[in-house]
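Model, not experiment: these values are computed from the prediction. Quick note: numbers below take in every heavy atom, side chains included, and nothing from hydrogens, waters or symmetry partners. Residue indices begin at 1 and follow the sequence shown. Both ligands and their constituent atoms are indexed starting at 1 by order of listing.
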Amino acid sequence: VADEGASIVLSGLVDAGKSTWLAALWQVLETDDFDSALALEAYLGEQRYIVELNRAWTRCEKFGRTSIKSPGAIKVRLKDSAGNLVDLEVPDLSGELFREHWAQRHWEPEFDVEILGAHGLLLMVSTLTKGTLMLRDLDTATAGPESVQVPGNDAQEGESDPQGSTEDAPLELPKWDPKKSPAQVQLVEHLQYVALRRSNQPLPVAVMLSAWDQVHAANLEIEPGDYLAKELPLLAQYLAANDDLFPNAVFGVSAQGGDLEHDKAHLLSMPPIERLEVVDGTKSTHDLTLPLAWVMGAANDG
Ligand SMILES: Nc1nc2c(ncn2[C@@H]2O[C@H](COP(=O)(O)OP(=O)(O)OP(=O)(O)O)[C@@H](O)[C@H]2O)c(=O)[nH]1
Ligand SMILES: [Mg+2]
């Protein structure tokens, strides 16, 4: 019997890739002839949710957004390479939940219980929708596809304007909507809420950069840690500055293996395990349990 349970919270905004990773993790646990850092020892409770999610994954079907009331979770007893048993529970939370936490500055008592009891955090960030807000996004949001004249830019003072364009009209900025804040701002705030609620009790964090296949597809030769520092510098700096509170590691993860529109036929032709990739520094494997194993190992050390 397992000595202890491990509750791992899988956090990430809408479309971060959480459900896809859980569905693919199930594939790894269910594949007998594949050696993973953590192996399935027993099922705990009802598995229907994850079995159905995994079935859609094997068929390369697109998932809908996870409902905010999602009751789904992976609940299994796992064995590590040293033979230690651990009862693991990872709920499939909806990204909308995290967006509401940020926008409303409030989370539900149920989520608070999860955070207080957590042994580790998996922080999923998509390389597709990392949501870095650029100045040019502001321009587009203001004026649609046409370009916007920022007052005092190149426009000549006092130049006449026969077309009566809006050149001198005050620039109307879009109303601030917290839900449109950059992902890294929301994620840093998430970590700060977690720290506050846990009275700064340390919690290991594995950052998973999802859709890593698209980083390969763009021919970017970059390690996950460097990617984080370059594309999500606020989050990277927060983690670097708080590594006593949040001991952390960064992984590139491809849980789907490619784009469901362009690569579907190819993905369906592969053995499912070969679609998967976890990148740690320069090392690449198919073992999706590695970020989980890292978090659980760090939780035991701490
Ligand atoms: N190319 C690629 N796309 C991926 C990968 N993983 C997820 N995606 C895509 O990212 C989008 C979001 O994936 P989900 O797993 O549904 O994200 P989620 O975090 O569960 O989203 P919510 O349930 O809304 O919170 C989908 O369009 C997926 O097809 C991957 O490994 N590679
Ligand atoms: Mg989901």
*Which of the numbered atoms in ligand 1 are below 4.0 angstrom from a heavy atom of Gly95?*
22 (P), 25 (O)
*So is Gly12 in contact with ligand 1, going by heavy-atom distances below 4.0 Å?*
no
*Closest non-hydrogen protein atom to atom 17 (O) of ligand 1, residue and atom name please, with distance?*
Gly17 N, 3.0 Å
*asked:* Taking the six-membered ring for Trp, are His101 and Phe98 closer than 6.0 Å centroid to centroid?
replied: yes
*Hydrophobic cluster of Leu260, others only, ordered by chain and residue number, side-chain cut-off 4.5 Å*: Leu267, Met270
*Determine, for Trp107 and Arg197, whether the Lys NZ or Arg CZ falls below 6.0 Å from the six-membered ring centre while staying within 45 degrees of the axis.*
no
*Any idea which part of Lys18 is under 4.0 Å from ligand 1, heavy-atom wise: side chain, backbone, both or neither?*
both
*Indicate whether the side chain of Glu277 and that of Ser284 have a donor and an acceptor atom separated by less than 3.5 Å.*
yes
_Contact atoms of ligand 1, heavy-atom distance to Ala255 under 4.0 Å_ = 31 (O)
*Using heavy-atom distances, let me know which of Thr66, Thr20, Leu13 sits nearest atom 15 (O) of ligand 1.*
Thr20
*Taking distance alone, with no angle check, do Phe63 and ligand 1 share an N/O pair under 3.5 Å?*
no
*Mind running salt bridge (Lys or Arg N to Asp or Glu O under 4.0 Å) on Lys75 and Glu46 for me, showing each step along the way?*
CA-CA 8 Å; Lys75 282 191 209 167; Glu46 235 250 277; over 6 Å; no
*Just jot down the ligand 1 atoms closer than 4.0 angstrom to any heavy atom of Gly258, in number order.*
1 (N), 2 (C), 32 (N)
*Using the Mg ion (ligand 2) as the apex, give the angle to atoms OG (Ser19) and OG1 (Thr66), rounded to 10 degrees.*
90°
*Would you please say whether a donor-acceptor pair under 3.5 Å links the side chains of Ser19 and Thr66?*
yes
*Counting from 1, what ligand 1 atoms have a heavy atom of Ala16 closer than 4.0 Å?*
17 (O), 18 (P), 19 (O)
*asked:* Suppose we measure from atom 32 (N) of ligand 1 to each protein heavy atom; which comes out shortest, and what is that distance?
replied: Asp213 OD1, 2.7 Å
*When the aromatic ring centroids of Tyr227 and Trp212 are compared, is their separation below 6.0 Å?*
yes
*Give a yes or no on this: more than 12 heavy atoms of other residues, nucleotides or ligands lie within 6.0 Å of atom CG of Asp35.*
no
_Protein contact of atom 29 (O) of ligand 1 - nearest heavy atom, named by residue and atom, plus distance_ = Gln256 OE1, 2.7 Å
_Side-chain ion pair, Glu189 and Arg105, N-O less than 4.0 Å_ = yes
_Under a 3.5 Å distance rule, please check whether Ser210 uses its side chain to pair with a backbone N or O of Ala16 as donor and acceptor._
yes
_Only heavy atoms of Ser254, strictly under 4.0 Å: list the atoms of ligand 1 that pass._
31 (O)
*Between Phe251 and Trp21, is the gap from one ring center to the other below 6.0 Å?*
no
*With a 4.0 Å heavy-atom cut-off (strictly under), which part of Met124 contacts ligand 1: side chain, backbone, both or neither?*
neither
*Do any N/O atoms on Asp92 end up under 3.5 angstrom from N/O atoms on ligand 1?*
no
_Contact between ligand 1 and Ser210 is defined here as a heavy atom of the residue under 4.0 Å from a ligand atom; is it met?_
no
*Could you find the nearest protein heavy atom to atom 27 (O) of ligand 1 and give me its residue, atom name and distance?*
Lys62 NZ, 3.3 Å
*Note the single closest protein heavy atom to atom 10 (O) of ligand 1, along with its residue, its atom name and the distance in Å.*
Asp15 O, 4.1 Å
*Can you sort out which atoms of ligand 1 are near Val14, meaning under 4.0 Å from one of its heavy atoms?*
24 (O), 25 (O)
*Mark yes when over 12 heavy atoms from residues, nucleotides or ligands other than Asp32 sit less than 6.0 Å from its CG; otherwise mark no.*
no
*Give yes if a backbone or side-chain nitrogen or oxygen of Glu96 is under 3.5 Å from a nitrogen or oxygen of ligand 1, and no if not.*
no
